[in-house]
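So the structure is just underneath, and the comments pick up after that.
Each chain gets a letter, A, B and so on, in the order the sequences are listed, and its residues count up from 1.
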There are 2 protein chains.
Amino acid sequence: MTLGEPKQGPSGTAAEGISPCAACSVRDMAFCGVLNDEELPRLLAIFTTLSVEAHQPIIDEGEAADYLFNVTGGAVKLYKLLPDGRRQITGFLFAGDFLGIAMNEKYAYSAEALGRVSLCRFPRRKLESLLDEFPKLEKRLLGMASNELVQAHDQILLLGRKTAQEKIVSFLLSLSDRAAKRSSERSPIELPMGRADIADYLGLTTETVSRTITHLKRDGLIRLLQGGRVDLPDPAALRDLADGS
Amino acid sequence: MTLGEPKQGPSGTAAEGISPCAACSVRDMAFCGVLNDEELPRLLAIFTTLSVEAHQPIIDEGEAADYLFNVTGGAVKLYKLLPDGRRQITGFLFAGDFLGIAMNEKYAYSAEALGRVSLCRFPRRKLESLLDEFPKLEKRLLGMASNELVQAHDQILLLGRKTAQEKIVSFLLSLSDRAAKRSSERSPIELPMGRADIADYLGLTTETVSRTITHLKRDGLIRLLQGGRVDLPDPAALRDLADGS
DNA sequence: CGGGATCTTGAGGATGCTCAACGCTAGTGG
DNA sequence: CCACTAGCGTTGAGCATCCTCAAGATCCCG
């Protein structure tokens with residue numbers, strides 16, 4: 001089972017009556033942002049909002065890709081597994097990110113809620129019909145896919161050729177950059193994921209992640225705050241560390 | 001400079017007069033395949049064919065992404081560099097593959113011809129206009145971008161969590177699969193790239209690539225033939241090795 | 001047939017992993 | 001209110017995989 005229907009939260013009721021898009025804080029960042037107020041109802045008609053509790057699955061690799069999602073709040077991890085249990089996290093999603101571009105009838109990876117997550121869920125067939133109706137929607141998705149590919153190649157460079165410290169620093173900076181795009185503060189940054197998730201994202205072990213963070217802390221390059229928040233006092237120095245220059 | 005104009009080969013003349021698409025062996029696999037004979041002239045009007053000699057650059061990371069390409073023959077490597085010279089090859093392209101989806105005004109990586117390469121070159125602006133005219137073209141590109149994302153995530157899993165042997169075996173199998181799609185034989189496969197390129201693609205060194213190949217050879221899992229060709233006598237056994245099961 | 005590049009093989013070493021113990025924190029229930 | 005516990009993070013010691021450095025083998029092209 002892909003999505004636990006019973007876990008559908010109380011926000012599902014918000015879809016009745018008033019438009020959830022009106023109050024949506026990520027509408028401009030998400031792909032829906034290209035639709036104007038007259039076109040939006042066509043989109044509204046096909047999606048439902050829902051929320052998923054922490055640690056609950058959202059999609060499972062290999063299942064039929066019947067739904068696509070927009071993350072409107074919270075954080076999501078995407079991952080793939082090898083038969084013996086080794087895990088690679090392929091990405092983290094935050095508010096405004098789209099879930100499901102990378103598919104092929106079947107989902108290419110699994111997704112799980114990091115904390116409580118709010119989502120808009122679109123039936124793929126219906127969304128594809130809308131793409132025919134609104135070419136600018138399709139153009140937007142193509143642009144987002146292109147951006148995701150650029151990021152994927154950055155991650156490939158990181159995994160293939162960077163040291164543990166460069167990986168950690170690159171990771172922190174990318175979180176900082178993405179927070180800035182969501183018009184949050186650039187620093188301190190939130191770390192909604194645990195050390196094991198960071199390790200599986202960067203191709204390391206939890207021990208190495210922990211040690212490297214301790215090292216950065218001792219060098220005064222980062223500061224650990226309450227609630228898993230991290231302060232980056234000298235972003236410029238970190239940028240240099242991130243690619244070994 | 002992105003593309004050495006003087007290197008433009010004699011095939012450039014083929015664009016005058018008869019359609020190069022009529023004789024194109026990869027038309028069905030490439031994105032042009034969705035256009036019928038009446039629509040094709042609109043595409044013909046905007047692109048030029050050219051060939052690039054071995055080891056010559058095709059695009060450079062960071063340059064303005066003014067052109068997109070279709071590979072019609074030969075092989076191409078895509079790569080990114082770190083400031084200190086470390087290199088990560090992010091992919092190899094063969095006949096029928098599209099070059100340039102992953103961009104953002106600027107190219108996200110560099111591309112270089114492995115041997116002599118034949119290309120169709122499209123000015124991006126003009127191609128984007130055509131996308132408005134032919135939505136099915138845009139749909140096809142979105143589908144290709146989606147496929148590329150799936151493959152990128154496979155590569156991320158490989159780089160983050162696979163051993164040297166699993167990486168090599170996965171690589172050989174993926175070449176075999178892609179050759180099969182181009183309706184070539186599934187085995188033996190061609191290796192148009194050197195050991196150093198394979199190493200930079202898999203996040204290894206040339207020595208480790210060489211040793212691992214030697215090891216596979218001793219175990220009878222592969223056979224090295226003339227001209228850098230490799231025979232895979234037992235694909236099923238290799239599939240098991242590829243993901244550690 | 002010669003020479004440069006590429007590939008292979010070997011020995012030693014370093015980065016990051018494995019295995020293990022300890023500390024911290026938050027949630028729980030008495 | 002506090003002891004208890006479970007999960008997570010940190011630290012340490014030893015080790016394995018893969019890298020580095022080096023030399024020899026092979027191939028390819030002139």
inquiry  = B:Arg229 vs B:Glu185, test: salt bridge (Lys or Arg N to Asp or Glu O under 4.0 Å). Steps then yes/no.
reply    = CA-CA 12 Å; B:Arg229 288 150 57 92; B:Glu185 294 297 321; over 6 Å; no

Salt bridge present between A:Lys80 and A:Glu61 (N-O < 4.0 angstrom) =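 A:Glu61 and A:Lys80: salt-bridged.
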
key: Those residues that, when tested against A:Tyr201, pass ring pair (Phe, Tyr, Trp, His ring centres under 6.0 Å) (two or more places apart)   =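 Scan of A:Tyr201 (ring pair (Phe, Tyr, Trp, His ring centres under 6.0 Å), adjacent residues dropped) gives A:Phe92, A:Phe171.
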
task = Name the nucleic acid region contacted by B:Thr214, choosing base, sugar-phosphate or nothing; use a 4.0 angstrom heavy-atom cut-off, strictly under.
result = sugar-phosphate

Would you say [X]'s side chain and [Y]'s backbone share a donor-acceptor pair under 3.5 angstrom?
X: A:Thr208; Y: A:Leu204; value: no
X: A:Lys77; Y: A:Met193; value: no
X: A:Ser176; Y: A:Leu172; value: no

message = Of all nucleotides in DNA chain C that come within under 4.0 Å of a heavy atom of chain B, which is furthest toward the 5' end and which toward the 3' end?
response =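 Result: C:dC7 to C:dA11.
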
message = Between the opening five pairs and the closing five pairs of the helix from C:dC1-D:dG30 to C:dG30-D:dC1, how far apart are the helix axes, to 10°?
response = 40°

task = Given salt bridge (Lys or Arg N to Asp or Glu O under 4.0 Å), test B:Asp197 with B:Arg87 step by step and report yes or no.
result = CA-CA 9 Å; B:Asp197 286 339; B:Arg87 186 180 67 152; 2.8 Å; yes

ask   = Starting at CG of A:Leu224 and ending at P of D:dG9, how long is that distance when rounded to a whole Å?
value =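 Going from A:Leu224 (CG) to D:dG9 (P), I get 11 Å.
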
ask   = To the nearest Å, how far apart are A:His215 NE2 and D:dT11 C1'?
value = 14 Å

inquiry  = The criterion is side-chain hydrogen bond (donor to acceptor under 3.5 Å, both in side chains); which residues satisfy it with A:Ser187, sequence neighbours excluded?
reply    =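 Partners of A:Ser187 under the side-chain hydrogen bond (donor to acceptor under 3.5 Å, both in side chains) test: A:Asp231.
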
query = Nucleotide by nucleotide, 5' to 3', does protein get under 4.0 Å of the base (B), only the sugar-phosphate (S), or neither (-) in nucleotides 14-30 of chain D, counting heavy atoms?
reply = ----SSBB---------

ask   = Looking at B:Tyr67, does the NZ or CZ of B:Arg121 lie under 6.0 angstrom from its six-membered ring centre and within 45 degrees of the ring axis?
value = yes

task = Name all pairs fulfilling the salt bridge (charged side-chain N to carboxylate O under 4.0 Å, His left out) condition that reach into residues 232-245 of chain A, sequence neighbours left out, sorted by first residue then second.
result = A:Asp177-A:Arg239

